[in-house]
Amino acid sequence: MSPTPSPDPSDESQYDRTRLRQWASGHARSAGVDRRDLLRLFAAGTAAGALGLASAGTAAASGNAVAGAAGAAGTATALPGILKPLPPELFTIRGTNAETNFAALRGTGQLTPLDRFFVRNHTSTPRIDAGEWELNVWGDALSRGPVRLSYDRLRSLPAVERTLFIECAGNGRSFYTTQQGQQVTGTAWTLGAIGTARWRGARLSDVLRLAGVTRDAVDVLPRGLDDEVVTNGVNWGHVRRPLPVSKALDDVILAYEMNGVPLPPDHGGPVRVVVPNWIGISSIKWVGDIEVSGQPLYTPWNTDLYRLFGPGQPAEGSVPLTRQTLKSAFELELGATLPVHRPRLLTGRSWSGAAPVHRVEVSTDGGARWHRARLHDVPQRGGWVRWSLPWTPRTTGATALLARATDTTGRTQPETAVHNTQGYLFDAVVRHPVTVV
Ligand SMILES: Nc1nc2c(c(=O)[nH]1)N[C@H]1C(S)=C(S)[C@@H](COP(=O)(O)O)O[C@H]1N2
Ligand SMILES: [Mo]
């Protein structure tokens, strides 16, 4: 495969005007799209709008059973293709995705309960029977491949268990706009596109060794069994994103359990990839095959998507994104109303893809003064820490609560996140609006 610049295959992020222009004028190759159609679309208005990439309507077309029930509150038309219930107190529906309401984590433990773990689906959740599932490991950098593993075979390999968050690269994206006044494309998450779970599974490295991974291996490409991603007649194929072989052999898990139960369908059951500390797209759900290649591999998910584009970045974008950044969130609704003079325990969570978070400071006056929050978890890489700070509001009116994390590399959340057109890796301190009455 060669690099194939392509329009965004999902609503995770949209195609931008400049690159559509390049594409339409033949600078980049398209995968079966008539150039005239593109020029027509381009002429019709903004690229994203013309391509219909921003809409919430794509899920309905994918034809899987929908059990979204009451969850559609606040969204326009389609229910997402998610199987678990999505009650509005736990989730905010965004297109084919469900964002965890951070307020619903208050009082829960270190692990995100499965009934409130966010779901990010490019299409919709497939139902896959573990008894019929197989993993096909193939490619030109294997000496004993291809290898087919059944679910039972995978479960018979030595098991590992780790507590790890999975966080979408676009988590916090909406704050580029609401807080920094910048335009970005993609799902307008607040901070709830993250969850932490106890994952149990086999080591990807064991499976790769079983298949005789050679010294020539460069990239490892897991591919999902969910529907191919189609937007306006363009088929981007199955969700897939290459991992460098170094990461694949390091700490990646082929997970079949989440919080002590078989992996639920919405989170990739029967088996998903879990890539510690890396952006969520790396952790391919419903994995069906893994290509091990002696050549670098390219898909839309490591070329046009999940790189930084914008001022200060190369035209082809930054290198593909890997590690997650640093964030904090209050377990409180945005815009919550709090009674004056009533003591209250502010609670929240902080996390970093680089290192354990060991300090969290909170400001209740819009950032003038900072107080050290109490940590309720032992800081651990790959997980998050819960924290709290008692606060008694003394004056009425609108104010902002701020939380700022520092990890053990010494990195502290900045005041401003560096803009990129697709709104990835927001790391700035969020000004959480509240009204004291
Ligand atoms: N096969 C497949 N894997 C996938 C996706 C997908 O749509 N299909 N979405 C990715 C993205 S963008 C994220 S953020 C995580 C979300 O995992 P979750 O839905 O279990 O929270 O899964 C990733 N793996
Ligand atoms: Mo994501």
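Keep in mind that the numbers below use all heavy atoms, side chains included, and drop hydrogens, waters and symmetry copies. We count ligands from 1, going down the list as the structure has it; atoms in each ligand are counted the same way. For reference, positions follow the sequence shown, starting with 1.
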Answer with side chain, backbone, both or neither: which part of [X] has a heavy atom less than 4.0 angstrom from an atom of ligand 1?
| X | answer |
| --- | --- |
| S283 | backbone |
| H238 | neither |
| D226 | side chain |
| W286 | side chain |

Contacting atoms of ligand 1, where contact means under 4.0 angstrom from a heavy atom of [X]:
| X | value |
| --- | --- |
| G224 | 1 (N) |
| R272 | 15 (C), 17 (O), 18 (P), 20 (O), 22 (O) |
| F117 | 21 (O) |

Any nitrogen or oxygen of [X] lying under 3.5 Å from a nitrogen or oxygen in ligand 1? Just yes or no.
| X | value |
| --- | --- |
| K285 | yes |
| E167 | no |
| V239 | no |
| N121 | no |

Exercise for the section: Mind listing the closest non-hydrogen atom pair of N101 and E89 along with its distance? Expected result: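 That would be ND2-O, 3.2 Å.
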Should [X] and [Y] count as side-chain neighbours, where that means a heavy-atom distance under 4.5 Å?
| X | Y | answer |
| --- | --- | --- |
| L425 | N420 | no |
| I194 | R349 | no |
| L135 | W133 | yes |

Exercise for the section: Compute whether any side-chain donor of one residue and acceptor of the other, for R381 and T408, lie under 3.5 angstrom apart. Expected result: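 Side-chain D/A pair, R381 to T408: absent.
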Taking a cutoff of less than 4.0 Å between a non-hydrogen atom of the residue and any ligand atom, is [X] in contact with ligand 1?
| X | result |
| --- | --- |
| Y306 | yes |
| R240 | no |
| G195 | no |

Problem - Nearest-0.5 Å distance that lies between atom CH2 in W301 and atom CZ in R223 - result: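 So the gap between those two atoms works out to 10.5 Å.
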Handout entry: Separation between OG1 of T112 and CG of L105, rounded to the nearest 0.5 Å
Key =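 If we round to the nearest 0.5 Å, T112:OG1 and L105:CG are 5.5 Å apart.
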Review item, side-chain donor-acceptor pairs of residues 274-282, under 3.5 Å, at least two apart:
from, atom 1, to, atom 2, distance (Å)
N277, OD1, G382, N, 3.4
S282, OG, I279, O, 2.8

Exercise for the section: Flag the pair K327 and E167 as a salt bridge only when some basic side-chain nitrogen lies within less than 4.0 angstrom of an acidic carboxylate oxygen. Expected result: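 A salt bridge links K327 with E167.
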